[in-house]
Peer 1: 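Got a structure for you, written out below as structure tokens; questions coming shortly.
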Amino acid sequence: MALTPDDVVHKEFQHVRFKDGFDPEEVDDYLDEIVVEWRKTIEENNELKAKLAAFESGENAPEPVAAAPAPAPAAEASSTGTSAGIIELAQRLHDEHVAEGEAKRKQLIEDAEAEVARIRTEAEAKQREESARLERERNTLEGRITELREFERDYRGKLRAMIEGQLRDLDQKSPTDSTPVSAIGL
């Protein structure tokens with residue numbers, strides 16, 4: 001498996017306990033320098049491959065694909081240290097921002113999950129309270145319905161007894177006691 005600059009950046013060394021070891025910051029700084037130089041070498045290699053391919057095909061050599069104009073050869077030697085420092089600083093800032101972004105992302109996810117759990121708990125509690133309230137209301141209404149049915153049954157029974165009593169009273173009256181229909185004026 002080919003080793004890439006990203007492999008070097010992400011390599012983690014185990015800390016040695018109770019023994020003398022290397023300073024982790026010094027190792028990180030050195031690896032950062034290696035990565036910067038390695039990336040420049042890979043970029044130069046790609047440019048040279050492109051130039052070679054263009055030369056072999058008979059075309060003019062393409063312009064370098066560098067992000068910034070290439071420095072003059074005399075100035076290149078003096079600016080290499082400064083450029084490497086700037087690139088190293090930029091890499092560190094990038095790594096810090098990435099780490100901050102990942103920490104912020106993790107915190108936001110944790111906060112959102114906590115909020116979801118809180119909302120879910122509140123909703124379940126409200127659902128239980130509402131179910132209990134509705135159950136009490138249902139029991140009250142069922143009790144009222146039972147009372148009304150008993151009232152209706154009693155009322156019908158009393159009404160029936162009264163009507164039957166009236167019918168008995170009518171049946172007991174003799175027909176002689178009644179006034180003829182012609183006397184009433186019908």
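All heavy atoms count here, side chains included; hydrogens, waters and symmetry mates do not.
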Peer 1: Taking the basic N atoms (NZ, or NE/NH1/NH2) and the acidic carboxylate oxygens, is any pair closer than 4.0 Å for Arg156 and Glu152?
Peer 2: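 Salt bridge present between Arg156 and Glu152.
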Peer 1: Could you walk me through whether Lys126 and Glu130 satisfy the salt bridge (Lys or Arg N to Asp or Glu O under 4.0 Å) test, starting with their C-alpha distance in whole Å, then the side-chain angles of each, then the deciding distance to 0.1 Å, before giving a yes or no?
Peer 2: CA-CA 6 Å; Lys126 283 183 180 181; Glu130 187 65 18; over 6 Å; no
Peer 1: Passes side-chain hydrogen bond (donor to acceptor under 3.5 Å, both in side chains), Thr41 versus Glu37? Steps please.
Peer 2: CA-CA 6 Å; Thr41 303; Glu37 292 302 318; 5.5 Å; no
Peer 1: Run the salt-bridge test on Asp111 and Lys106 with the 4.0 Å N-O cut-off and return the result as yes or no.
Peer 2: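 No.
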Peer 1: Applying side chain to side chain contact (heavy atoms under 4.5 Å, CB included), run through Asp169 and Lys173 and close with a yes or a no.
Peer 2: CA-CA 6 Å; Asp169 287 347; Lys173 284 188 179 182; 5.8 Å; no
Peer 1: To the nearest 0.5 Å, how far apart are CH2 in Trp38 and CG in Leu31?
Peer 2: 10.5 Å
Peer 1: Quick one: pull up CD in Glu113 and CD in Glu110 and give me the separation to the nearest 0.5 Å.
Peer 2: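 Those atoms lie 7.5 Å apart.
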Peer 1: Taking NZ, NE, NH1 and NH2 as the nitrogens, is one of them in Arg105 or Glu102 under 4.0 Å from a carboxylate oxygen of the other?
Peer 2: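 No salt bridge links Arg105 with Glu102.
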Peer 1: Should Ile163 and Tyr155 be counted in the same cluster of Ile, Leu, Val, Met, Phe, Trp and Tyr side chains packed under 4.5 Å apart?
Peer 2: yes
Peer 1: Mind checking the CD-CG spacing from Glu88 to Leu93? Nearest 0.5 Å is all I need.
Peer 2: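 If I round to the nearest 0.5 Å, the distance is 11.0 Å.
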Peer 1: Kindly compute the distance separating CD (Glu137) from CG (Leu141), expressed to the nearest 0.5 Å.
Peer 2: 5.5 Å
Peer 1: Are the charged groups of Glu122 and Arg118 less than 4.0 angstrom apart, N to O?
Peer 2: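 Answer for the salt bridge query: yes.
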Peer 1: Strictly below 4.0 Å, N to O, side chains only: are Glu147 and Arg144 in salt-bridge contact?
Peer 2: yes
Peer 1: Applying the side-chain hydrogen bond (donor to acceptor under 3.5 Å, both in side chains) test to Ser131, which of Gln127, Arg128, Glu135 qualifies?
Peer 2: Gln127
Peer 1: Under a 4.5 Å side-chain heavy-atom rule over Ile, Leu, Val, Met, Phe, Trp and Tyr, are Leu108 and Val116 clustered together?
Peer 2: no
Peer 1: So, Glu150 versus Thr146: side-chain donor-acceptor pair below 3.5 Å or not?
Peer 2: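 Short answer, no.
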Peer 1: Begin from the C-alpha positions of Arg92 and Asp29 and carry the test salt bridge (Lys or Arg N to Asp or Glu O under 4.0 Å) through to its verdict.
Peer 2: CA-CA 9 Å; Arg92 280 193 190 153; Asp29 292 344; 2.3 Å; yes
Peer 1: Does atom CZ of Arg133 have more than 12 heavy-atom neighbours from other groups under 6.0 Å away?
Peer 2: yes
Peer 1: With rounding to the nearest 0.5 angstrom, report the CZ to NZ distance, Phe151 to Lys158.
Peer 2: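 Taking CZ in Phe151 and NZ in Lys158, the distance rounds to 8.0 Å.
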Peer 1: Quick one: pull up CD in Glu44 and CG in Asn46 and give me the separation to the nearest 0.5 Å.
Peer 2: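 So the gap between those two atoms works out to 10.5 Å.
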Peer 1: Is any side-chain N of the basic residue among Arg149 and Asp154 closer than 4.0 Å to the acidic one's carboxylate O?
Peer 2: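 Answer for the salt bridge query: no.
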Peer 1: Taking all atoms of both residues into account, what is the closest heavy-atom pair of Asp6 and Arg39, and its distance?
Peer 2: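 Scanning both residues completely, I find the closest heavy atoms to be OD1-NH2, 2.9 Å.
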Peer 1: Are Val35 and Ile42 in one and the same hydrophobic cluster, where Ile, Leu, Val, Met, Phe, Trp and Tyr link if side-chain heavy atoms are under 4.5 Å apart?
Peer 2: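 Cluster IDs for Val35 and Ile42 match.
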Peer 1: Any heavy-atom pair between the side chains of Leu170 and Gln166 that's under 4.5 Å?
Peer 2: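 Contact flag for Gln166/Leu170 side chains = no.
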